[in-house]
Amino acid sequence: MSVKFYREAIRDAIAEEMRRDPRVFVMGEDVAVYGGAYSATKGLLEEFGEERIRDTAISEAAIAGAAVGAAMAGMRPVAEIMYFDFMTIAMDQFVNQGGKNRYMFGGKTTVPMVLRTEGGAGRCIAAQHSQSLEAWFCHAPGVFVVMPSTPYDAKGLLKTCIRDDNPVLFVEHKMLYGEKGEVPDEEYTIPLGQAAVRRTGKDVTIIGYSRMALRCEEAAKKLAEQGIDAEVIDLRCLQPLDTKCILESVKKTGRVVLTSEAPQNANFVCEIAQRITEHAFDYLDAPVVRVCAADTPVPMSPTLEDECIPTTAKIIAAAKVVLGKA
Amino acid sequence: MSVKFYREAIRDAIAEEMRRDPRVFVMGEDVAVYGGAYSATKGLLEEFGEERIRDTAISEAAIAGAAVGAAMAGMRPVAEIMYFDFMTIAMDQFVNQGGKNRYMFGGKTTVPMVLRTEGGAGRCIAAQHSQSLEAWFCHAPGVFVVMPSTPYDAKGLLKTCIRDDNPVLFVEHKMLYGEKGEVPDEEYTIPLGQAAVRRTGKDVTIIGYSRMALRCEEAAKKLAEQGIDAEVIDLRCLQPLDTKCILESVKKTGRVVLTSEAPQNANFVCEIAQRITEHAFDYLDAPVVRVCAADTPVPMSPTLEDECIPTTAKIIAAAKVVLGKA
Amino acid sequence: MAMLKAAVGKTGPKEEMALLLKQMMSIRAFEDKVFELLARAVLKGASHVYAGEEAVAVGAMAAIGKKDLITSTHRGHGHCVARGGVLKLMLAELCGKETGYCRGRGGSMHIADVHAGNLGATGIVAGNIPVGTGAALACKMKKEGQVVLCFFGDGASNNGTFHESLNMAGVWKLPIVYICENNLYGMSVAVKRCCTVENIADRASAYDMDGVIVDGQHVLDVQATVAEAVEKARAGKGPTLVEAKTYRYRGHSSSDPRVYRTKEEEKYWQERDPIKIFRQLLAEKKVMTEKELDAVQAEVDAEMVAAENFALNESPYPAPEALFDDVYAGWRQGKYGLEKLA
Amino acid sequence: MAMLKAAVGKTGPKEEMALLLKQMMSIRAFEDKVFELLARAVLKGASHVYAGEEAVAVGAMAAIGKKDLITSTHRGHGHCVARGGVLKLMLAELCGKETGYCRGRGGSMHIADVHAGNLGATGIVAGNIPVGTGAALACKMKKEGQVVLCFFGDGASNNGTFHESLNMAGVWKLPIVYICENNLYGMSVAVKRCCTVENIADRASAYDMDGVIVDGQHVLDVQATVAEAVEKARAGKGPTLVEAKTYRYRGHSSSDPRVYRTKEEEKYWQERDPIKIFRQLLAEKKVMTEKELDAVQAEVDAEMVAAENFALNESPYPAPEALFDDVYAGWRQGKYGLEKLA
Ligand SMILES: Cc1ncc(C[n+]2csc(CCOP(=O)(O)OP(=O)(O)O)c2C)c(N)n1
Ligand SMILES: Cc1ncc(C[n+]2csc(CCOP(=O)(O)OP(=O)(O)O)c2C)c(N)n1
Ligand SMILES: [Mg+2]
Ligand SMILES: [Mg+2]
């Protein structure tokens, strides 16, 4: 085990897969010379050269679309869209072409590509650089959505995604690149579609992903101090989703708090709530509560950004509501 | 009252608003000479001329963005994106610029524009011409989402949208253009955010919008023959959503079926389910059931398309499930 | 300014010529049949037919090899035939039958034959341009000498992805030939009403690549022009934008009354029919006799009859239970969501 | 090929010249302060500073009138100042204070002053180009003689929206001047590494408009060039693409180590400093004395001190309760979702 930054875990995953498989390559804006806006591809140019680490123009649609085409033609691109917010420009290429070509063509092609991007708030960079748009992609059949919260998960999942034959949206979080965590020195991968139970508990299930998973853990720790025994699930993958893990926990605790950094309306966590309704309604002791971002564009001002995005305190408060202790 | 086609209702709404307000104009692909892919702008060129009815190039991002700019600069554009599926190309301009400029600029601008588009399946035109992407836009703070199912609603709501100061995504349905309905001869508008109770009933609430609202009504009629008294709500607007109307109905019936033509995963109806959980959990006599499209790209083949999209029969079956009669 | 390609005139070996003619006739026969089936409402869905433009697809495809790749458009039947597509599998696909190229999932707008190097049609105008460009990037990186032909229309050249892709290909010197089928209209909108250049090839200069205009009604001219560009691409000298001037005979779709164009214009182009022109050339140059030419047509007609029978009568629709097949590679839909296959 | 605009050399009335100089100095002072506050972590968020490029915004804005409109970029402070922006309101905005231009909601990347005709900066590179184009369409339709200046960078010219917008403006002959601030890089990527033209203005020919190149370090050259284009636009003769060659002194953002460029290159451009050049010109042509020039600088410095005090010490943050303000016009967030205001 070594302690690594999240950004290093990403970089190492790409480097290892590039050494293993000559079909893997990287392209995106400022990924080569600059090493990525959040330094997640730093050093790759030096090792792999410009043929395999490609700086592109500011052409998000072409980046995503070229990844689709390269994947269909036998490569395994790891393309980067610098901010999640810019996926708005690449939607057609990723969702309409990448996500559907296999199905539309009767299963006669595969599109093995990873689109890495980075989302979330926390840097006061406002409404066009702070979004969490994962719900859109969960609602787009044909693509996977992976959102790791730790260096360990980031590396193990990214390696799996690069080897998977489906188009994957791999969403990092801008506030996590500087977080550290233990990462095995030996080779490992993490299967897609498996949530991680960060903490077992019997009173309430708190579910999150990406940065919010850390806040869920924090909340659980503080709740423990108050005698509340929370179970924390880090989804890690939104599609495929580990429904079974969620249901098992709900059947045990009967109470659920769902968290997300994306706006509340039509948030992906509503899907989780509905799956619980469909498969474990009778186990619920209280209505499922959600803690999401406000239904506003993310404001720049620190006071407003803090108000907009779920805090640990709000997660704790929600847990108490669901436990009838508020 | 006159009986009009849905497509005529749309056309009349635009024409009336253009006569009333010189700032209103139309632009889009094939909207002028051709009169729109589904003939919803037919005749407008003849009345208003090419200055106000503008054919554009195949440039969806520029169409949406130009509407944003024109709106900010004092006009009231009614722009058209020919198929809902092509909104994938215009996402940044509509959602990131149009939907956010007012908020980001501290309330110092308005973006009074309507983006008309047309979605849904039913014509065997496959995965890139049959989508229902409304969930994405409900998850994008700053824009409205309106989806009428009748000529009456189409006209009354479109007029309101053109007069509203917010960017509106107005989604028609390709299988409804040829539907007829009564439309008043005199001027009228319909407020945004008000659902329509199509049928009152006491046993179960069936909720739908756009084409599915018609299937919900059909289902209710057949259920009535079997002695089941269903209430049918046509949402008409997804954002703003008439939560109160839904809650009142749920409190009465205690049982809910939600329908949508969009894929199931992360479908907008999960938001409705969660609002019911949050505000009327104790009134529920059974878990909320949803009837959505399959989580696949829409297949071309008629047998598969029929299997993919909710049918009246499936809605009836769901109602029986929620009533414990299945 | 783009270069106008001079006419070739010279014909090639008889067998090759007969194949080109057959392909063009096959496309025409297929499209006429499609139009008829649409009118009779036997065919569902939308089909954009290629009649009138046959020389472009056939000429271009004659300039590449088996291992090369193409990306196609909403008007993709012609590309599919010219790439070796089998009429019965194509018509079955248009009918949404399990026996079709895409097992009926794609239909007309998504006809693909990936194993034959046809990476597929798309319903999104200009949507295939980045995809083709990425395929060319793969070709370059794989170093197996492959090139890509990327087809699109005049209308597509006004879309942002055209710009981004050509810039990318120009910077990276990708082995790709962009083939703009300029049939004067994007749906109802004439090039001159929505596009700032008359010759799409003139846009090439903005992307550090050559722009070449060719008469799209002469199959051998198209072949020669594309062959030159392909050679350049294969030699690592980068992309070319070829513009083929052509015309679609039919309306954009079966419901289009074609109010945006004149009978005279239509007549002018009907007189420049690519099949007629090529037949005449082959007869004139005595490559084939009239009898031989008629025999090709007869062969095509027979295949078309067989294709219709196969697609309409002998082919089953997909089973509804197969709805979830192939959404993901290696995963299937289970009770609780996706499940990994063993 | 784009035309290279000849140097002007001639100066104008003293008051006007002093204003241009003051605006340039204000931008520089503002940006230096911003950089310092970022380094000290007093300022949060990201700021892309305009130091080195002052002559472009100031020269261009001097060519339009009060009723005209502009759309700005992620590097938008310069445009805002040149459009008459008040330093203290700008700095307050960057600090996320309620007193800022956008009540702290937008910050650096979304600074706007709609009432002054600044339709706003955007965090999406090239995102403002369609918006500016639409504003120009409104200007044309409203027939009040307004024109639009639409700013963007060299990097933005590779984005699809550039292409779609310029095509639209070219077809409709919109009253707009596209001003490409070519500072040689888009973030770390040099123009020559990602763009198929060296001179962005050369792309104009694809859009039926003139392309003009101007030395972006000479404020009067920029003014004259843009004025000519504005006149053309106002006369209904359509859009122009003006490319101003310039350079940003700082890294792309405060964390950028600038490994992608050389010290020599930076030095070369520092020697072509737009403020230095203009000061010298005004002194040489005896428009202003050294003392007068220093007085302008002193005035700017004083305003900057006041602005800092205002933004940092005198301005409150927005109240958290105000989070939902202005998401929609005429609607507010209620218990069950949106509610219409009376
Ligand atoms: C992105 C997108 N916009 C609009 C359409 C609707 N549409 C289908 S074909 C077409 C015209 C395309 O024109 P062109 O590229 O010239 O090809 P042609 O049909 O003439 O072969 C349009 C507007 C579409 N399918 N995709
Ligand atoms: C659509 C989009 N892609 C990428 C970025 C990240 N980014 C911000 S500024 C920038 C460089 C822009 O270059 P240019 O247009 O030349 O403007 P400059 O910064 O040089 O003024 C990039 C890549 C962005 N903000 N928006
Ligand atoms: Mg065309
Ligand atoms: Mg630049």
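All figures in this text were calculated on a predicted structure; none of them were measured in a lab. Order of the sequence lines fixes the chain letters, A, B, ..., with proteins taken first and strands second; residue numbering starts at 1 for each chain.
The contact between D:L94 and chain A is made entirely by backbone atoms, counting heavy-atom distances below 4.5 Å. Proximity to chain D (any heavy atom under 4.5 Å) is shown, for A:A294, by both the backbone and the side chain. Within the 4.5 angstrom heavy-atom criterion, atoms from both the backbone and the side chain of D:M187 approach chain A. A:A62 does not touch chain D: none of its heavy atoms, backbone or side chain, sits under 4.5 Å away.
For the set D:G337, D:P318, D:A322, D:G127, the count of heavy-atom pairs under 4.5 angstrom toward chain A peaks at D:P318. Heavy-atom pairs under 4.5 Å with chain D were tallied for A:A57, A:A126, A:P299; the largest tally goes to A:A57. The residue among A:V33, A:I58, A:I125 with the most heavy atom pairs within less than 4.5 Å of chain D is A:I58. The most heavy-atom pairs under 4.5 Å with chain A, out of D:G100, D:G45, D:A126, come from D:G45. When each of D:G160, D:G107, D:P320 is scored by its heavy-atom pairs under 4.5 Å with chain A, the top score falls to D:P320.
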Chain D against chain A: donor-acceptor pairs under 3.5 Å:
| residue | atom | partner | partner atom | Å |
| --- | --- | --- | --- | --- |
| A:D30 | OD1 | D:S188 | N | 2.8 |
| A:D30 | OD1 | D:S188 | OG | 2.6 |
| A:D55 | OD2 | D:R193 | NH1 | 3.3 |
| A:D55 | OD2 | D:R193 | NH2 | 3.0 |
| A:I58 | O | D:N159 | ND2 | 3.1 |
| A:S59 | OG | D:N158 | O | 2.9 |
| A:E60 | OE1 | D:N159 | ND2 | 3.4 |
| A:R123 | O | D:G45 | N | 3.4 |
| A:Q128 | OE1 | D:T122 | OG1 | 3.2 |
| A:Q128 | OE1 | D:G123 | N | 2.6 |
| A:Q128 | OE1 | D:I124 | N | 3.4 |
| A:M300 | N | D:R105 | O | 2.9 |
| A:S301 | N | D:G104 | O | 3.0 |
| A:S301 | OG | D:G96 | O | 2.6 |
| A:T303 | OG1 | D:P318 | O | 3.0 |

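Of all non-hydrogen atoms in D:C95 and A:P302, the two that sit nearest each other are O-CD, 4.3 Å.
In this view, A:A71 and A:P77, A:V111, A:P112, A:M113 satisfy the side chain to side chain contact (heavy atoms under 4.5 Å, CB included) rule, not counting sequence neighbours. Under the side chain to side chain contact (heavy atoms under 4.5 Å, CB included) criterion, D:A204 pairs with D:M209, D:L241, not counting sequence neighbours. Remark: A:A135 engages A:F268, B:H139 in a side chain to side chain contact (heavy atoms under 4.5 Å, CB included) (not counting sequence neighbours).
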